[in-house]
Amino acid sequence: MTTAYKKNNLKILFLSNRGLLPIKDGHTRRSFNILKGLAKDQSVHYLSLYEESEEIVQSNIKQLESICEKVEFYPAPSKSVSIQMISRLIRSLFSLDPYSLWRHYSGPFSRRVSELILVNKYDIIHCDILPLAYTVRKMNGVIRTITNHDVSYLKCLSIGKQSRNILVKLFLYFEALKLKKLERTVFKQVDFGIVVSEHDKVILQKLCPEGKFVAIENGVDVKVFQSNNTETEPEKLIWVGGFDHYPNEQGIHYFLENIYPQIKRTIPAVKLDIVGGGVKEKLWKMVQSDQSIKLLGYVDDPLPFIQRAAVFVVPILSGGGTRLKVLEAMSAGKAIVTTSTGCEGIEGINGEHFIVADTPGSFADAVIKVIHEKRLREILGHNARMLAETKYDWNIIQEKLNEFYMEAING
């Protein structure tokens with residue numbers, strides 16, 4: 001299927017909840033690449049909330065205006081404890097909508113969306129995240145899509161099950177119920193739901209049979225993330241992932257408490273690099289007495305650290321969607337050991353593109369085996385790279401979304 005695109009074929013309003021630059025996590029990386037892909041072939045008006053400083057917002061406007069027809073930002077509700085934040089929390093307790101919608105609710109932003117739709121004849125409203133569904137779910141006369149970066153109610157339920165705080169657990173349980181209701185209804189109200197994997201698509205189609213869903217996968221820049229001539233350290237492991245995201249915080253604690261000690265007993269010379277911002281005090285305390293672990297925090301470019309490591313570990317226990325850090329490691333030709341959750345949504349084969357291990361013992365054994373067997377590392381890395389090139393290159397993903405939108409309009 002090939003479409004001959006011309007600039008400004010479609011007029012698209014792109015709704016976001018954050019500034020996209022600098023790119024600091026998987027969500028912003030996906031959103032930026034999706035935006036860039038749409039703007040190559042279509043006329044895009046970017047409208048977003050922001051929580052960043054005014055300086056960062058102005059930098060975003062300047063850079064995004066180089067690819068978009070127009071860029072606008074509105075202040076997001078503050079995350080800090082305040083009367084407004086407590087008010088939103090209380091209102092959510094007496095609402096059928098989940099707190100995640102109230103958390104992102106902005107009257108001026110919602111009114112601006114309505115104003116723009118009245119004035120401009122958009123072909124598509126691309127809502128890039130579920131919590132902004134309040135802006136588009138009751139509109140008519142224009143094709144509306146909502147991107148669900150994971151199955152939100154399952155992610156919330158999973159985090160709630162892992163929480164040890166009974167009040168947090170109860171809150172997340174009820175939040176999951178509300179998110180499930182939202183996901184069951186909102187995709188009937190809009191024209192299409194965009195999901196990041198066929199796995200998520202199957203789940204949401206069962207939850208909302210009346211909804212129409214299309215999988216637009218996460219991707220990777222295969223020209224940037226590739227192997228090079230860097231000397232691999234055969235006993236070095238690497239973790240990549242920011243700790244403001246609970247599944248990452250949970251995963252690294254699980255790895256350090258239950259898996260890494262087993263690996264060290266067999267391979268005393270093993271080393272671990274931990275790359276990711278938002279490091280909490282508990283993690284600092286866990287690693288400060290272990291000289292084999294380097295806690296590097298946030299780095300502008302994780303690729304050199306990935307290239308030097310022998311094994312990329314993904315001990316994730318909860319969450320959803322498709323993890324871009326796994327795709328980046330695949331593109332870089334790394335041998336990967338992951339849990340089933342860590343590779344969820346990626347169309348790879350256990351033992352061919354990565355090794356899946358869901359218990360501490362099997363995970364440790366898999367890492368030890370990959371460290372000891374250089375040929376196995378090479379095969380896994382080569383196969384992973386081939387899959388990234390043929391399935392998950394951002395150019396392929398961007399073209400797929402552009403073709404889908406063209407067909408939606410023509411259809």
| Glu183 vs Val151, side-chain contact (heavy atoms from CB on, under 4.5 Å): CA-CA, chis, key distance, verdict | CA-CA 8 Å; Glu183 289 175 311; Val151 181; 4.1 Å; yes

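Between Glu51 and Arg103 there is a salt bridge, since at least one side-chain N of the basic residue sits less than 4.0 Å from a carboxylate O of the acidic one. Residues Glu217 and Lys400 are paired through a salt bridge, judged by an N-O separation under 4.0 Å between the basic side chain and the carboxylate. Salt-bridge check for Lys280 with Asp244: passed, with a basic side-chain N closer than 4.0 Å to an acidic carboxylate O. Between Arg385 and Glu389 there is a salt bridge, since a side-chain N of the basic residue sits under 4.0 Å from a carboxylate O of the acidic one. In summary, Lys264 and Asp290 engage in a salt bridge, as defined by a charged side-chain N under 4.0 Å from a carboxylate O.
In this model, a donor atom of one side chain and an acceptor atom of the other lie less than 3.5 Å apart for Gln307 and Asn228.
In this pair, Tyr105 and Tyr134 present their aromatic rings tilted. The plane angle is within the 30 to 60° band. Using a 30° and 60° split on the angle between ring planes, His126 and Phe14 fall in the parallel class, below 30°.
Between Leu157 and Lys180 there is no side-chain heavy-atom pair separated by less than 4.5 Å.
By the neighbour-count criterion of 12 heavy atoms within 6.0 Å, atom NZ of Lys169 is densely surrounded, having more than that number from other residues, nucleotides or ligands. By the neighbour-count criterion of 12 heavy atoms within 6.0 Å, atom OH of Tyr173 is sparsely surrounded, having that number or fewer from other residues, nucleotides or ligands.
Of the residues Asn410, Asn9, Thr145, Asp123, the one that meets the side chain to side chain donor-acceptor pair (under 3.5 Å) test with Tyr405 is Thr145. Of the residues listed (Lys334, Arg323, Arg29), the one engaging Glu328 in a side chain to side chain donor-acceptor pair (under 3.5 Å) is Arg29, and it is the only one. Tested against Phe213, the residues Phe404, Phe187, Phe192 include a single ring-ring contact (aromatic ring centres under 6.0 Å, His included) partner, Phe187.
Put simply, NZ on Lys40 and CG on Asn395 are 5.0 Å apart, with the number rounded to the nearest 0.5 Å.
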